[in-house]
Colleague: 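Can you read through this structure? Questions will come right after.
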Amino acid sequence: MPELPEVEVVRRGLAKWVTGKTVAQVSVLHPRAIRNHAPGPKDFAGQLANQKIEAVNRRGKYLWLELKSGIAVVIHLGMSGQVLIQKAALAPHKHVRIKFTFKDSKKEMNFVDQRTFGGMQITELVPASSSSSSEVIPDTVIHIARDPFDPHFEPDTFIDGIRRKNTEVKRALLDQTLMSGVGNIYADETLWRAKLHWAYPTNRLTRAKAAELLSHATAVMTEALAQGGTSFDSLYVNVNGESGYFARGLAAYGREDELCDRCGRLIIRDAFMNRSSFRCPSCQPKPRS
DNA sequence: CCGGCTGCCTGTCGGC
DNA sequence: TGCCGACAGGCAGCCG
């Protein structure tokens with residue numbers, strides 16, 4: 001459930017359930033899920049046994065469990081990852097990759113991932129940049145910019161940054177080092193709201209337009225979060241296996257040949273960056289070169 | 001720095 | 001019915 005609102009739905013569900021609990025045992029059922037943990041599955045499981053979980057945090061599409069010992073378990077859902085809290089007796093899901101059991105609960109935490117682009121990694125926590133507080137962040141997440149839901153997010157840093165870039169606006173929205181959390185769906189929704197074509201050059205954005213773009217991105221993700229995220233099918237669910245409802249709130253993404261909510265023209269699909277981009281040909285015309 | 005491309009995986013869907 | 005290609009919400013890395 002890969003973009004910011006969906007990851008935040010998972011973080012909230014996990015925080016509520018797992019905070020304060022102590023890990024009993026960890027089983028790595030598919031080694032690819034911990035491919036970024038060099039010492040391997042045995043070491044991964046060994047480091048986590050008997051550890052108490054203090055908090056669940058997130059930046060962009062990355063979330064992590066903070067352990068009392070000062071390390072973190074970074075979780076990335078990739079394209080199809082889920083974290084499910086389930087009764088141990090339940091018939092195991094076909095794609096469970098990592099299983100956590102706890103000393104203070106009969107339920108398990110299962111990392112389920114059909115396409116195995118997601119995974120977990122144990123990481124040191126280091127001080128977060130440009131913050132005077134004692135905020136810490138996993139060192140494997142340092143390269144990810146703050147997202148718009150972060151209390152330390154600086155709008156001007158994003159606005160100046162995107163205007164300095166010499167690229168297309170959709171590419172910039174997907175660039176997790178400029179601002180994190182936006183993926184293909186919310187990029188298309190943001191561009192539709194801003195009436196911008198995906199190829200619009202970032203260096204032609206005025207300060208006001210860049211600020212507008214940011215406010216649309218923030219608004220659409222806020223609305224999606226309030227609806228429990230966007231789900232098209234059972235691959236994208238919260239920790240209880242439930243889908244969100246924002247798919248019905250989408251104005252552009254996945255709506256090829258449907259009417260634009262604003263002008264009534266048919267939404268079209270373009271291939272861009274080896275993926276689909278949906279736009280209204282009238283509201284979001286191709287920029288003049 | 002930028003843009004185009006590839007690889008990493010499994011599954012579903014539509015066309016022939 | 002089966003085969004085959006296109007496509008799916010992400011990201012890192014390589015090359016020119």
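Since the structure is predicted, the reported quantities are computational estimates derived from the model, not experimental observations. Per chain, numbering begins at 1; letters A, B, ... match sequence-line order.
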Colleague: For the side chain of A/Glu3, counting heavy atoms from C-beta on, which of C/dG9, B/dG11, B/dC9 is nearest?
Modeller: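 Of the options given, the side chain of A/Glu3 lies nearest C/dG9.
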
Colleague: As a test of reading the structure: which of B/dG11, B/dC2, C/dA8 is closest to the side chain of A/Tyr253, going by heavy atoms?
Modeller: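 My answer, after comparing the listed nucleotides, is C/dA8.
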
Colleague: Classify the nucleic acid contact of A/Tyr62 as base, sugar-phosphate or nothing, counting any heavy atom under 4.0 Å across all strands shown.
Modeller: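 The answer is sugar-phosphate, as A/Tyr62 gets under 4.0 Å only of primed atoms, P, OP1 or OP2.
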
Colleague: May A/Phe117 be described as stacking on the base of C/dC11, applying a 5.5 Å centroid limit and a 30° limit on plane angle?
Modeller: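 No, the aromatic ring of A/Phe117 does not stack with the base.
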
Colleague: Go nucleotide by nucleotide along DNA chain C from the 5' end; which of A/Gln114 and A/Ile144 gets its closest nucleotide reached first?
Modeller: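 Looking at the nearest nucleotide for each, A/Gln114 comes out on the 5' side.
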
Colleague: Could you see if A/Val239 belongs to whatever hydrophobic cluster contains A/Phe102? Use Ile, Leu, Val, Met, Phe, Trp, Tyr and a side-chain cutoff under 4.5 Å.
Modeller: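 Linked within one cluster.
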
Colleague: Please determine, for the side chain of A/Thr230, which listed nucleotide (C/dG9, C/dC11, B/dC9) has the closest atom?
Modeller: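 Output: C/dG9.
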
Colleague: Mind checking if A/His30 touches a base, just sugar-phosphate, or nothing, with heavy atoms under 4.0 Å?
Modeller: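 No contact.
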
Colleague: To the side chain of A/Lys165, which of C/dG10, C/dA8, B/dC2 is closest?
Modeller: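 It is B/dC2.
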
Colleague: Taking C/dC11 as the reference, what is the distance to B/dG11 when you measure between their P atoms (whole Å, please)?
Modeller: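 Each nucleotide's P atom is 22 Å from the other's.
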
Colleague: Is it the case that one hydrophobic cluster holds both A/Val182 and A/Ile185, taking links as side-chain heavy atoms less than 4.5 Å apart, direct or via other members?
Modeller: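 Hydrophobic grouping puts A/Val182 with A/Ile185.
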
Colleague: Can you tell me which nucleotide in C/dC11, B/dT10, C/dA8 comes closest to the side chain of A/Lys61?
Modeller: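 Within the option list, the nearest is C/dC11.
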
Colleague: For the side chain of A/Arg275 and the base of C/dA8, is some donor closer than 3.5 Å to an acceptor across the two?
Modeller: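 Check fails, no donor-acceptor contact within cut-off.
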
Colleague: Between C/dC11, B/dC8, C/dA8, which one does the side chain of A/His76 approach most closely?
Modeller: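 Out of C/dC11, B/dC8, C/dA8, the nucleotide with an atom closest to A/His76's side chain is C/dC11.
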
Colleague: Under 4.0 Å, heavy atoms only, any strand: does A/Arg269 hit a base, just the sugar-phosphate, or nothing?
Modeller: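 The residue A/Arg269 makes sugar-phosphate contact but no base contact.
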
